[in-house]
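Worksheet: the structure to be examined is printed underneath.
All of these numbers come straight from a predicted model, not from anything done at the bench. Side-chain atoms are counted along with the backbone in the values below, which use heavy atoms only and exclude waters and symmetry mates. Letters go in sequence order (proteins before strands), and every chain restarts at 1.
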Amino acid sequence: MGGGRSARQPGEREDMPPTRSTSRDLERYAGLFASRTRVMRSSAMRDLMAVTERPEVISLAGGLPDTSTFPPETFAAMAQRVAAESCARALQYGPTEGLADTKACIAEVMAAEGMTVDNDDLIVTTGGQQVLDLVTKTLIDPGDVVVAEAPTYPGAVPVFSSYQADVVQIDVDENGMRVDLLDETLDRLEGEGRRPKFVYTVPSFQNPAGVTMSLERRRRLVEIARRRELLVLEDNPYGLLRYEGSPEPTLRSLDGGLYVMYLGTFSKILSPGIRLGWVAAPAPVLEKMNLGKQAADLCTSTLSQLMVRAYFDEADWRQYVDSLTEVYRARRDTMLDALAEFFPAEAEWTRPAGGLFIWVTLPDFIDTTDLLARALRDNVAFVPGEAAYLDGRGRSSMRLNFSGSNEDAVREGVRRIGKVVSEQVALYGTLTGVRPRTARAPEPHRHAPIAHNAVSPPPTGDPPAEELGAQVVPMRRRGRA
Amino acid sequence: MSRVAVLKGGRSLERQVSLRSGARVEDALERLGHQVVGIDVGGDVIERLRAASPDVAFIALHGQDGEDGTVQELLEVLGIPYTGSGVLGCLRSWDKVLTKHLLVEAGLPTPEFFALGETAFEELGARDALPAIEERLSFPIVAKPATGGSALGIKFAPAAGDVPAALVAAFSYGDRVVLERHVRGRDLAVSILDGAGAPVALPIVEAVPRDEDFYDFEARYEIGRTSFMCPAELPAALTERTHELALATYTLLGLSGFARVDLMLEQAGEELFVLEANAIPGLTETSLLPQAAEAHGLGLDELIGRIVELALERGPVGAVG
């Protein structure tokens, strides 16, 4: 996430004298822009996000891991080892597909999630984000269909948009993507003579919804992919950040790597600053991605790759992941408790078993982009739900991150957001003459499945109907501006 | 050449746009040979202004603090000359309710409106007055925050049931909201620059949205989302009337240096309405003032240079009055 940042920092000077540019020149530049830039757009929301950088703002908006507990001595030892053992190599270009040394580390991480992988099946990439770019670049012509989740990872939206993909979003509930709806949608698309190229999913601790795909749905998704000869991009940045329960098998391990392309990253288990991710994919697809990567950046930073190798040699990476898990579990619990304490009865949210995010859905008369403007006056920020949709939905939802702030800040941030939400609920009640529900008694782990504008019916089984907010006073859909 | 402090960024919701405006202004000032100190306005602004001790401050700060007279007041305390309007002009244009009442009082056309504070609903039962308001304004009704320079928080309510949510959204940006009759028509902007003796209205810019049917926040600041016609294609008499109306508004509100007045030309006839005035209009790549100046034969550098000269000529502004 992030947004259009200013090209310059306050007070900073450019080295080169600025060249003359006028509005007429800009119109001239505009005439040179590729048509794909029409869909690469900044937004009000992203401009609002600029305010979240201010130090007094508690930001629950980012997706930042906490890098503050990484031991500096380990970092120093890593750098020392790279300098002593592979200085010249670290400073040199490397192969496009990545170093075998680093691939061995990747194989270790994948083994920890029950997968085996050969070096030949892997490309080491510049962060996981590059995988999204390479996969889309390899498979999508303008107008081709990508199937994604609803809501989907906000950072995938600009990637799909920049390749002019037609994105079809499938609702998720507390058991992940509604694979039954996927099957129906694929039938419909087939009927229209359109064949999607790939399905994009974050099956574990989804960004932004925090939900995890059930085993049954995983099996069914893999089966659908095989039957329809459709690729699946499994994005699994958080799989090892589990705070309870036992892991589900990855889609790749269920499918054996036939139709599943697997995206992994060191960002959440080591460091996002090191910009190292990877993709494991069927050989013909991987070959094309390799050519795409060559065009994009020749190779992933050799220095970063060797730092990771040195890290795996110097330290116990599992132990560090365990320590992060402890920290994040406590922050998640703090956030869930604070939501129960401070949010009005009309709100519902997910209860993630891992990852970094909680997805909150408010009554549909609240637009979370406007709410963000109000929340910023109280120095607190979140990601408005519209960022996770390409079709204008999600406007009453928000994504909250609990990994990037300490427990006090998480609690205070949720308190402040809860206060403005309560104010808006009360105001709406005043404006319509409908009394809002009275504040509920504290219930530590009240939660509800994803609700998107009443599209998803409640899942079978739990939770109790009273938690679904179905009996909230009928609220009119806000008129779209 | 002068030492110029460029005030930009700040804590307003228009921070990002302001940073872009500030960068453009700084580039222009450097090309003109001025010594430039960029200041992202925050808690240390007084300290930084004192340290910089500029000859003049260029206020490229949109929204809260920049357009509501706050920063102007501080600069007056410090005795630093500044660009653009004084405190009173800022106050009158920042608050759309005040602007519109002044326009009505002066007999200048502005869309019919009602302005209500949050407390009117919470404590005075103003909800019961909504049907009467809706009847007077007829649908669609525009709800907008009483303050704020961008299109943030502006909502259309096509029917009565949409009004409460539109109000909730608009109240996110401030505690007063204007409910206004929607004028369907052409979106015109007149930039004004003080000249020798009298202010001059620059060529009219017409904003024509490309995809959306509303000139929204996103379109406003993006290249390629909105087409701008400058000068707008209007009959000479209508151009003249538009200019007159914009200048009358500028004078009425007590604006100075430069400003932008936004108007609507109603589709049905030739009726013009003043929507609002902006004391610190955008100076970004896609902003209307630089486009209008250019159509007038004034490049960005000359425009920025002229604005600074005006501020230096005026000198430090004393206490109000």
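Side chain of B:Arg127 to main chain of A:Gly429: no donor-acceptor pair is present (N/O by atom type, distance under 3.5 Å, no hydrogens or angles).
When B:Gly43, B:Gly174, B:Ala293, B:Ala126 are compared by the number of non-hydrogen pairs under 4.5 Å with chain A, B:Gly174 comes out ahead.
Looking at A:Thr430, A:Leu431, A:Leu427 one by one, the single match for side-chain contact (heavy atoms from CB on, under 4.5 Å) with B:Pro164 turns out to be A:Leu431.
Counting non-hydrogen atoms of other residues, nucleotides and ligands closer than 6.0 Å to CZ of B:Arg3 gives a total above 12. Shown here is A:Arg416, whose CZ atom has more than 12 heavy atoms of other residues, nucleotides or ligands within 6.0 Å.
If you take CD on A:Glu423 and CD on B:Glu118, they are separated by 7.0 Å, rounding to the nearest 0.5 Å. Put simply, CG on A:Leu372 and CG on B:Leu13 are 8.0 Å apart, with the number rounded to the nearest 0.5 Å.
With a 4.5 Å cut-off on non-hydrogen atoms, A:Leu376 touches chain B through its side chain but not through its backbone.
Between B:Ser172 and A:Gln424, the closest heavy-atom pair is OG-NE2, 2.8 Å. B:Val168 and A:Phe365 get closest at one heavy-atom pair: CG1-O, 4.5 Å.
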